[in-house]
Protein chains: 2
Amino acid sequence: MNKLDESLLANLPLFAKLDRAQIRDILDLATTRRFDAGATVFEEGEAAEHFYLLLDGYIRVVRLTPAGEQIIALHIPSGHLFGIAAALGHTTYPATSVTAAECLCLSWPMRHLNGFLQSYTGFSDGVYKTVGTRVADMNNRILELATQQVEQRVANTLLRLINQTGRKTDDGIEIDFPITRQDISEMTGSTLHTISRLLSAWEREGTIKSTRKKIVVTDPHKLVLHSS
Amino acid sequence: MNKLDESLLANLPLFAKLDRAQIRDILDLATTRRFDAGATVFEEGEAAEHFYLLLDGYIRVVRLTPAGEQIIALHIPSGHLFGIAAALGHTTYPATSVTAAECLCLSWPMRHLNGFLQSYTGFSDGVYKTVGTRVADMNNRILELATQQVEQRVANTLLRLINQTGRKTDDGIEIDFPITRQDISEMTGSTLHTISRLLSAWEREGTIKSTRKKIVVTDPHKLVLHSS
DNA sequence: CGTGCTCTTGAGTGAAATCAACACATGTGG
DNA sequence: CCACATGTGTTGATTTCACTCAAGAGCACG
């Protein structure tokens with residue numbers, strides 16, 4: 001087994017306050033795992049036996065309704081932890097994690113989580129700050145779902161996506177992973193038909209450019225106008 | 001200033017693992033505050049300078065949209081902490097807290113929160129477990145809002161209310177604080193008109209009894225049928 | 001080169017919002 | 001004590017947004 005390089009973690013805010021030796025200790029407990037696009041990392045309801053750090057790729061956190069409908073709770077970009085609900089007292093995973101693109105992860109047995117939280121300065125703060133950000137996101141999501149029309153929700157969702165996972169291109173800002181109309185409908189509580197119509201309209205007015213599984217926002221300002 | 005009685009806290013799960021002396025220390029740092037029904041404890045965006053324990057009454061956590069619409073994020077029953085978002089790295093309150101009935105609270109300056117979390121066994125676990133429960137609730141809320149019809153969301157909301165804050169009466173289970181059609185519409189992302197029609201229909205079929213600001217669920221099972 | 005995803009677009013439908021009017025309860029101040 | 005304002009709740013009529021149903025076109029991959 002190859003030793004992992006310490007620079008993998010040293011640049012992440014989460015580990016910024018740790019010294020080389022501490023990072024070494026943490027890395028020596030980690031397992032590296034690679035996942036193809038579309039692979040399931042863990043499923044809702046499973047015993048939460050590992051927690052993960054996403055080194056590269058994107059993770060989609062999804063939930064299923066009893067009726068079998070799926071909704072996407074959030075996307076996790078590289079550098080962030082996931083599967084850490086045990087820090088909030090859960091013993092099973094509260095949602096399913098699927099890869100939105102090819103992913104590279106580190107994983108640790110869950111029993112180390114409390115140790116890390118207590119032993120490493122800044123780690124606990126970082127973890128709970130991550131949780132705080134996600135909770136704030138969820139709250140905004142609820143506010144949107146409860147009060148806004150589909151058009152506004154989709155505009156807000158796209159704006160969030162380009163802010164969190166946007167990549168600059170010649171034409172504008174591109175969402176960094178493959179994303180379908182169906183995916184967006186599962187993020188906004190809508191249908192792929194309605195999303196298709198909306199994106200077609202926005203393409204016509206020059207707000208976005210879109211091809212198969214790819215969306216480039218060419219005029220974010222126009223999107224902001226649609227978002228409220 | 002009256003000394004607060006230790007039994008106030010000793011029976012709460014949050015403080016179960018603490019001895020008398022520790023509870024005494026905590027109480028000596030606390031301030032008691034009483035609020036009339038409808039009073040605002042703190043507002044979204046304010047610097048988070050205190051955290052609270054609700055001894056008696058009910059707290060409504062609400063958020064405002066830029067457009068001025070209001071939605072109710074959750075209700076907090078007595079015995080629970082609120083205003084603890086600082087534990088997730090927030091420096092301002094992420095939502096407004098309003099009393100749904102007359103309330104009695106203890107409050108502490110926020111600078112003690114980290115001390116409590118670190119010093120008292122079980123307190124940290126309890127706090128994060130509370131957070132975990134609320135996050136799980138929010139997740140379910142999102143799933144409901146994204147996939148269910150108004151009727152199902154209202155049924156689920158009533159079921160949650162009677163589970164969390166229900167009080168047994170001769171007729172059935174009553175929601176323990178005054179609640180209007182408008183309130184329920186703000187919990188479900190609907191309108192008071194639709195809620196009124198729904199509750200009228202359910203009253204006609206014998207599922208609930210309702211008068212001004214009061215709802216008694218007489219047949220929870222029928223409500224379950226409406227909930228999915 | 002067909003088979004399965006992904007995406008588009010039109011037509012019809014329905015759930016719930018909006019608009020509108022009124023009834024009733026509660027509390028306030030003259 | 002009454003008059004009035006305010007808050008709450010009901011119910012009907014109308015409208016609209018977005019879902020459902022339906023069909024087909026384009027692309028990608030084995």
Side-chain angles (χ1 to χ4, degrees), chain A residues 36-38 65 67-72 98 100-101 144-158 175 177-205 208-216 226-228, chain B residues 36-38 65 67-72 98 100-101 144-158 175 177-205 208-216 226-228:
Chain A
D36 284 329
T65 64
E69 288 164 296
Q70 178 171 292
I71 79 135
I72 298 175
V98 176
E144 278 178 28
L145 282 166
T147 65
Q148 297 189 320
Q149 316 255 90
V150 170
E151 179 176 33
Q152 303 172 311
R153 301 207 300 266
V154 174
N156 277 309
T157 299
L158 286 186
I175 295 171
F177 52 84
I179 187 163
T180 66
R181 312 291 189 253
Q182 174 77 37
D183 291 333
I184 296 179
S185 76
E186 288 173 5
M187 301 177 71
T188 54
S190 176
T191 61
L192 79 154
H193 307 279
T194 300
I195 305 298
S196 177
R197 279 181 238 274
L198 266 177
L199 295 190
S200 295
W202 289 347
E203 179 136 25
R204 260 177 260 124
E205 71 178 30
I208 64 164
K209 286 190 184 181
S210 176
T211 56
R212 225 161 206 256
K213 296 196 186 188
K214 198 181 106 177
I215 298 176
V216 184
H226 287 300
S227 75
S228 54
Chain B
D36 284 328
T65 64
E69 287 164 295
Q70 177 172 290
I71 79 135
I72 298 175
V98 176
E144 278 179 27
L145 282 166
T147 64
Q148 296 189 320
Q149 316 256 92
V150 169
E151 179 176 35
Q152 303 172 312
R153 302 206 298 267
V154 174
N156 278 309
T157 300
L158 286 186
I175 295 170
F177 52 84
I179 187 163
T180 65
R181 313 291 189 251
Q182 174 77 33
D183 291 334
I184 296 179
S185 76
E186 287 173 5
M187 300 177 72
T188 54
S190 176
T191 61
L192 79 154
H193 307 278
T194 301
I195 304 298
S196 177
R197 279 182 237 274
L198 266 177
L199 295 191
S200 295
W202 289 348
E203 180 136 25
R204 258 176 261 129
E205 73 178 28
I208 64 165
K209 285 190 187 182
S210 177
T211 56
R212 224 161 205 255
K213 296 194 185 187
K214 199 181 105 177
I215 299 175
V216 183
H226 287 299
S227 74
S228 53

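Here is how names work: the chains are called A, B, and so on, in the same order as the sequence lines, proteins then strands, and each is numbered from 1. Quick caveat: nothing in here was measured; it's all calculated off a predicted structure.
- Spacing between atom CD of Q148(A) and atom P of dA17(C) amounts to 15 Å, rounded to whole angstrom units.
- Here the side chain of Q152(B) pairs a donor or acceptor atom with the backbone of S228(B) at under 3.5 angstrom.
- In the model, T180(B) has no side-chain atom that pairs as donor or acceptor with a side-chain atom of R212(B) under 3.5 Å.
- To the nearest angstrom, P of dA15(C) lies 7 Å from CD of Q149(B).
- When the C1' atom of dC7(C) is taken as reference, atom CD1 of I208(A) falls 12 Å away, rounded to whole Å.
- A donor-acceptor contact shorter than 3.5 Å links the side chain of S200(B) to the backbone of S196(B).
- Legend: residues meeting salt bridge (charged side-chain N to carboxylate O under 4.0 Å, His left out) with E144(A), ordered by chain and number and at least two apart, are R160(A).
- Nucleic acid contact for S200(A): sugar-phosphate only, since backbone atoms but no base atoms lie under 4.0 Å from a heavy atom of the residue.
- Across R181(B) and T211(B), no two heavy atoms sit closer than the pair NH1-O, 4.5 Å.
- E205(B) contributes no side-chain N or O that, together with a main-chain N or O of W202(B), makes up a donor-acceptor pair within less than 3.5 Å.
- Axis angle across the helix from dC1(C)-dG30(D) to dG30(C)-dC1(D), with five pairs used at each end and values rounded to 10°: 40°.
- Residue S196(A) places no side-chain N or O under 4.0 Å from the OP1 or OP2 atom of dC7(C).
- Sorted by residue number, the members of residues 186-193 of chain A with any non-hydrogen atom under 4.0 Å from DNA chain D read G189(A), S190(A), T191(A), H193(A).
- In this structure, the side chain of S185(A) engages the main chain of Q182(A) through a donor-acceptor pair within 3.5 Å.
- Between the R153(A) side chain and the T188(A) main chain, a donor and an acceptor come within less than 3.5 Å of each other.
- Residues satisfying the side-chain hydrogen bond (donor to acceptor under 3.5 Å, both in side chains) criterion with N156(A), sequence neighbours excluded, are Q148(A).
- Phosphate contact (OP1/OP2 of dA16(C), side-chain N/O of R197(B), threshold under 4.0 Å): absent.
- In this structure the side chain of M187(B) never reaches within 4.5 angstrom of the side chain of I71(B), judged on heavy atoms.
- Closest approach of A100(A) and P178(A) over heavy atoms only: O-CD, 3.7 Å.
- Annotation: side chain of V154(A) is not in contact with side chain of T194(A) (no heavy-atom distance under 4.5 Å).
- Taking 4.0 Å as the cutoff to heavy atoms of chain A, we find the contact window on DNA chain D bounded by dC17(D) to dA28(D).
- Side-chain contact check for I175(B) versus L158(B): some heavy-atom pair is nearer than 4.5 Å.
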Could you list the protein-to-nucleotides 1-5 of chain C atom pairs, N/O on both sides, closer than 3.5 Å?
from   : atom 1 : to      : atom 2 : distance (Å)
dC5(C) : O2     : R212(A) : NH2    : 2.8

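- Separating the CD1 atom of I195(B) from the C1' atom of dA16(C) is a distance of 11 Å, rounded to the nearest angstrom.
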